[in-house]
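Throughout, residue positions are numbered sequentially from 1 according to the sequence presented.
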Amino acid sequence: MEKLLVEPFFVMKVLERAKELEKEGKEVIHLEIGEPDLPVPERVKERAKEFLSKFEQKYTESTGIYPLKEAIAHYYEKTYGVKVEPERVVITPGSSPGLLALLKVVRERVGEISYPDPGYPCYKNVLKFLNLKGRGVPIYPEEEFKVKAERVETHALIVNSPSNPTGIIYSKEELKALSEKAFLISDEIYHGLVYDERAPSALEVSNNCAVVNGFSKFFLMTGWRLGWMVVPKELLPDITAILQNTVISPPTLSQYAALACFEEEVLEELSSNAEIFRKRRDVLLKGLKELGFKIPAEPKGAFYIYADASRFTDDSFKFAFEVLEKTAVAITPGRDFGENQTEKFVRFSFCTSVEKIEEALERLRGFLA
Ligand SMILES: Cc1ncc(COP(=O)(O)O)c(C=O)c1O
């Protein structure tokens with residue numbers, strides 16, 4: 001096939017094959033997808049219904065409605081003890097288009113950007129798509145898959161904590177050291193889904209950074225397509241102009257419904273979900289270790305386990321498909337996350353019930369024996 005303008009997600013190939021197997025009547029267990037399975041809070045749905053019946057759904061301001069910016073600013077004060085002016089909050093249709101605009105502006109106004117390898121694939125792919133040269137910083141299992149400040153040689157750096165695919169969390173001291181070396185683009189989309197320790201925000205250590213976050217993970221609202229960024233004032237005019245030209249406005253209904261997310265009871269309900277994910281993590285972690293996978297960095301947040309499968313294969317891409325064919329368990333090959341030792345690794349997500357995780361482990365046990 002002709003080379004595409006931007007790299008696809010390899011996990012989509014796994015998903016396509018999984019769907020075919022399902023059509024053939026196989027019961028596939030999905031440990032490949034990074035989408036929380038829990039339902040969106042009722043309050044959010046109620047607010048959406050109310051708003052839908054009362055108002056026309058017209059465009060909003062390109063960077064989102066002020067009450068949502070205020071609610072997010074207040075959330076930063078309450079959660080992290082940092083003051084953020086609502087004007088610095090930019091609402092986006094999911095965090096992804098925000099990241100796209102941000103990468104362009106940071107590259108042009110701040111300088112070259114590095115990203116972790118392995119890391120979330122869009123960082124590298126979007127930079128390439130924008131025709132911007134970025135630099136992968138290899139991160140190593142022996143160093144808990146963390147970017148070390150002394151290896152950062154660019155003006156800007158993407159950090160992702162808790163991270164996809166490893167679930168590691170950067171401490172406040174580590175973020176501080178990195179922020180002294182480079183302008184941080186801190187992808188905090190997995191904040192709130194933490195199991196052993198708090199995940200500090202980059203805003204706690206520096207005002208001169210950009211934070212990316214959204215409603216897709218902790219807030220469970222993937223299909224509502226809503227995200228946000230907190231950016232330095234100097235970058236606002238460029239970011240606003242890009243968003244005006246590319247997305248016009250974030251979805252109106254989603255923005256008004258999302259206001260409910262910041263009500264006390266809703267936040268409590270969402271926070272209690274971390275316990276559900278913790279149980280799933282514990283079962284999957286124990287099971288994978290018993291099966292012989294090495295887990296060099298045990299996840300402290302997000303909903304992924306990045307497992308070294310080198311005891312079973314030297315080609316984790318092939319391995320992921322073999323596992324799917326033989327066991328109907330879908331997992332993501334490391335290749336999706338970069339080039340650094342990714343042929344050894346696979347990612348398991350725990351966005352499914354403990355029962356299904358146990359069943360998947362049982363199937364893997366049979367296959368690997
Ligand atoms: C690290 C990371 N950042 C950003 C996103 C994008 O999320 P969304 O565009 O739904 O906000 C994802 C989605 O999986 C992710 O894993």
Side-chain angles (χ1 to χ4, degrees), residues 1-4 6-22 24 26 28-34 115-125 128 134-145 160 163-168 284-299 302-352 357 359-369:
M1 198 181 79
E2 208 184 320
K3 195 151 167 36
L4 300 175
V6 65
E7 289 270 319
F9 288 176
F10 293 113
V11 68
M12 288 305 166
K13 290 212 178 313
V14 176
L15 190 59
E16 266 166 39
R17 182 64 192 138
K19 292 252 145 79
E20 282 170 18
L21 292 174
E22 279 168 342
E24 290 164 20
K26 297 237 166 70
V28 176
I29 302 181
H30 291 275
L31 302 185
E32 81 283 37
I33 300 171
Y115 51 85
D117 179 0
Y120 180 53
C122 296
Y123 307 143
K124 172 174 73 92
N125 296 347
K128 201 166 157 214
R135 221 188 285 186
V137 188
I139 48 176
Y140 298 102
E142 309 79 58
E143 295 175 346
E144 287 182 283
F145 288 113
N160 176 212
S163 134
N164 177 6
T166 64
I168 59 99
L284 186 58
L285 196 56
K286 183 161 169 284
L288 290 177
K289 285 200 269 189
E290 280 168 6
L291 290 177
F293 287 94
K294 270 192 287 171
I295 322 284
E298 298 193 357
F303 32 58
Y304 308 109
I305 295 177
Y306 196 53
D308 181 337
S310 52
R311 184 168 152 198
F312 310 111
T313 184
D314 54 11
D315 180 350
S316 66
F317 189 69
K318 237 169 75 189
F319 178 75
F321 282 93
E322 248 167 52
V323 167
L324 179 61
E325 294 301 328
K326 300 278 167 52
T327 69
V329 174
I331 56 177
T332 304
R335 196 201 275 183
D336 245 346
F337 307 102
E339 283 150 23
N340 177 30
Q341 300 185 27
T342 49
E343 69 292 344
K344 284 194 200 170
F345 284 85
V346 286
R347 188 194 73 178
F348 293 83
S349 84
F350 41 96
C351 291
T352 190
I357 290 171
E359 164 73 21
L361 288 166
E362 207 41 54
R363 292 188 196 174
L364 286 171
R365 190 165 297 121
F367 169 67
L368 296 171

**Closest non-hydrogen atom pair between P296 and P141, with its separation** = CB-CB, 3.5 Å
**Prompt:** What is the distance from atom CZ of F9 to atom CG of L15, rounded to the nearest 0.5 Å?
**Reply:** 12.0 Å
**Request:** Could you tell me whether a side-chain N or O of N340 sits under 3.5 Å from a main-chain N or O of I139, the two making a donor and an acceptor?
**Result:** yes
**Item:** salt bridge (Lys or Arg N to Asp or Glu O under 4.0 Å) involving E144 - partner list, sequence neighbours excluded
**Value:** K146
**Message:** Contact between F321 and V14 at the side-chain level, heavy atoms closer than 4.5 Å - yes or no?
**Reply:** yes
**Request:** Working to the nearest 0.5 Å, report the span between OH of Y123 and CG of D117.
**Result:** 12.5 Å
**Asked** Between L364 and F312, is a side-chain contact (heavy atoms from CB on, under 4.5 Å) present by the stated rule, with each step listed?
**Response** CA-CA 12 Å; L364 286 171; F312 310 111; over 6 Å; no
**Approximate separation, where rounding is to 0.5 Å, of L285 CG and E290 CD** = 10.0 Å
**Message:** Which residue in the set P116, P165, P118, S163 passes side-chain contact (heavy atoms from CB on, under 4.5 Å) when paired with F145?
**Reply:** P118
**Request:** Can you measure from NZ (K344) to CG (D315) and round to the nearest 0.5 angstrom?
**Result:** 13.5 Å
**Request:** Would you list the pairs meeting side-chain hydrogen bond (donor to acceptor under 3.5 Å, both in side chains) in which at least one residue belongs to residues 319-334, sequence neighbours left out?
**Result:** R17-E325
**Prompt:** Do L284 and F303 have side-chain heavy atoms sitting under 4.5 Å apart?
**Reply:** no
**Sub-4.5 Å side-chain heavy-atom contact between D308 and Q341** = no
**Derivation and outcome, side-chain contact (heavy atoms from CB on, under 4.5 Å), residues V323 and F319** = CA-CA 6 Å; V323 167; F319 178 75; 3.8 Å; yes
**Request:** Any chance you could lay out the ring pair (Phe, Tyr, Trp, His ring centres under 6.0 Å) test for F337 and F345, step after step, and finish with the verdict?
**Result:** CA-CA 10 Å; F337 307 102; F345 284 85; over 10 Å; no
**Message:** Before you tell me yes or no, could you show the steps for Y120 and Y115 under ring pair (Phe, Tyr, Trp, His ring centres under 6.0 Å), namely the whole-Å CA-CA distance, both residues' side-chain angles and the distance that decides it to 0.1 Å?
**Reply:** CA-CA 9 Å; Y120 180 53; Y115 51 85; over 10 Å; no
**Message:** For Y306 and T342: C-alpha separation, side-chain torsions, deciding distance, then whether side-chain contact (heavy atoms from CB on, under 4.5 Å) applies.
**Reply:** CA-CA 10 Å; Y306 196 53; T342 49; 3.6 Å; yes
**Request:** Find the distance between OG1 (T352) and CD1 (I33) and round it off to the nearest 0.5 Å.
**Result:** 9.5 Å
**Item:** Criterion salt bridge (charged side-chain N to carboxylate O under 4.0 Å, His left out) on R365 and E362, from CA distance to verdict
**Value:** CA-CA 5 Å; R365 190 165 297 121; E362 207 41 54; 2.7 Å; yes
**Message:** Walk me through whether F348 and L361 qualify under side-chain contact (heavy atoms from CB on, under 4.5 Å).
**Reply:** CA-CA 11 Å; F348 293 83; L361 288 166; over 6 Å; no
**Prompt:** So does E339 have more than 12 non-hydrogen atoms from other groups sitting under 6.0 Å from CD?
**Reply:** no
**Asked** Any idea which heavy atoms bring P333 and V346 closest together, and the distance?
**Response** CA-CG1, 4.3 Å
**Asked** Donor-acceptor pair, R347 side chain versus Y304 backbone, under 3.5 Å?
**Response** no
**Asked** How far apart are the closest heavy atoms of D336 and P121, and which atoms are they?
**Response** O-CB, 3.1 Å
**Prompt:** What distance separates I331 CD1 from H30 NE2, expressed to the nearest 0.5 Å?
**Reply:** 13.5 Å
**Asked** For the side-chain contact (heavy atoms from CB on, under 4.5 Å) test, which of V28, V329, I29 pairs with L324?
**Response** V28
